[in-house]
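Computed from heavy atoms alone, side chains included, the values below leave out hydrogens, waters and symmetry copies. Note on naming: letters A, B, ... go to the chains in the order of the sequence lines (proteins, then strands), and numbering restarts at 1 for each one.
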Amino acid sequence: MSAYKDKDPRINGIKTTIRVVPDFPKPGIMFQDITPLFLEPKAFKDSVDIFIERYQGKNISVVAGIEARGFIFGPSIALAIGAKFVPLRKPKKLPGEVISEEYILEYGRDCLEMHVGAVEPGERALVVDDLIATGGTLCAAMNLLERVGAEVVECACVIELPDLKGRERLNGKPLYVLVEAH
Amino acid sequence: MMQAISLLNFSKPSPLFVAPFQRRHCPSIAGAAAPISHLHRNRCQSYRISVPPLSCSGTVQQQEMASDDGQDSRISRISSAIRAIPDFPKPGILFQDITTLLLDTKAFRDTIDLFVERYKDKNISVVAGIEARGFIFGPPIALAIGAKFVPMRKPHKLPGEVISEEYALEYGTDVMEMHVGAVESGERALVVDDLIATGGTLCAAIRLLERVGVQVVECACVIELPELQINLL
């Protein structure tokens, strides 16, 4: 599902802020840079509002944001819908007791961590990040939440790279995005 | 003169004042406190960080709250939502963990509201948030006051053209980066982070903004560490 396909009139203002930076972080990659969206207060607010409108009243008590750009969107959504914000972080950033989930990168592995006790069994959760590529990071995030008994209602991203088929990797979990980039 | 405001001292009825630098017992950084502050003073001579007298060690100090008005009760709840984790990231450091604040929906809401109330009519067009915990507090403030949000990041995270500022750590240095063109000369900015310790990171953020002609109106943090009270006059 995507707001782009829904032809929400706010989407064009959001889409035009995203800039492509070639050869970042390495040659051959066309990086979808979302930071110019944050420089346009109306477009930034619209992007957050679209998510809020979708998720308010859905009994979602947890918004999990993936470090670091998921931290830019997640808290505003959480605050508006009355949910907790739970940061999902790279290793050794969260103090105290954590659970870890390893996931595959293009070369090698990485790890995502969540605080023990942040989320309770039965809670309904949203996972937020700026972009879904292969879906590896979102998968790790969902696994962390499900391991503690939460129900992941949906994953929400601003940008999807559909050519990388991340949506299929989400084990049937719904994905909602604002724009697609090819 | 630029001030740093920390929420946990927000409600004190006495005005903020400048305290002389105190090297209180803090075993993890005592050895390096002098060079850090020295470098700090050299680079930030024109700034003063105002430090309130309240000692904040992450525990609730409700008995020190002077009055029962609405603002004090918000601060008290925010303070008690923050937890202290000993020996993180290394032995001797008592880490002030704001993630528990983010689990308390009212306290998190109140935190943002307190900042928004303070900054909404100050013609601030830029909120700069320091990676990564500044990304949690900065954007909600920016959205509420109609300002841009500008992420200040570790090296090699921002794509495209950046400017960089080196700053001192306890051992060694680190670098902070900002996108070229994110802010314009003459804009008024707020710098946001979860916590101020030595002030080195905040100073680097201020320098980055000032290098491109921005006026830093204030630095805003949720927590201030009492052992590191600094007068940068």
At a 4.5 Å cut-off on heavy atoms, which part of [X] comes close to chain B: side chain, backbone, both, or neither?
{"X": "A:P95", "answer": "both"}
{"X": "A:A78", "answer": "neither"}
{"X": "A:K93", "answer": "backbone"}

In terms of heavy-atom proximity below 4.5 Å to chain A, should [X] be classed as side chain, backbone, both, or neither?
{"X": "B:P159", "value": "both"}
{"X": "B:F149", "value": "both"}
{"X": "B:L103", "value": "both"}
{"X": "B:K157", "value": "backbone"}
{"X": "B:L158", "value": "both"}
{"X": "B:F95", "value": "side chain"}
{"X": "B:A142", "value": "neither"}

Count the heavy atoms belonging to other residues, nucleotides or ligands that lie under 6.0 Å from NZ of B:K122, then report whether that count exceeds 12.
yes

Chain B interface, residue from A:D33, A:L94, A:V119 that has the most non-hydrogen pairs under 4.5 Å
A:D33

Which heavy-atom pair separates B:Q96 from B:L195 by the least distance, and what is that distance?
CB-CD1, 3.6 Å

Of all the heavy-atom pairs spanning A:P162 and A:H182, show the shortest one and how long it is.
CG-CE1, 3.3 Å

Heavy-atom pair count under 4.5 Å with chain A, highest-scoring of B:A182, B:P151, B:G160
B:A182

Which of B:I136, B:V183, B:T105 touches chain A most, by non-hydrogen pairs under 4.5 Å
B:I136

Could you tell me whether [X] and [Y] have a side-chain N and a carboxylate O separated by less than 4.0 Å?
{"X": "B:D110", "Y": "B:R77", "answer": "no"}
{"X": "B:R153", "Y": "B:E177", "answer": "no"}
{"X": "B:K154", "Y": "B:E131", "answer": "no"}

Please walk me through it: do A:F31 and A:F24 pass ring-ring contact (aromatic ring centres under 6.0 Å, His included)?
CA-CA 6 Å; A:F31 188 87; A:F24 183 89; 5.0 Å; yes

Is there a donor-acceptor contact under 3.5 Å linking the side chains of B:E166 and B:T173?
yes

Knowing that exactly one of A:K173, A:R54, A:R124 qualifies, which makes a side chain to side chain donor-acceptor pair (under 3.5 Å) with A:E154?
A:R54

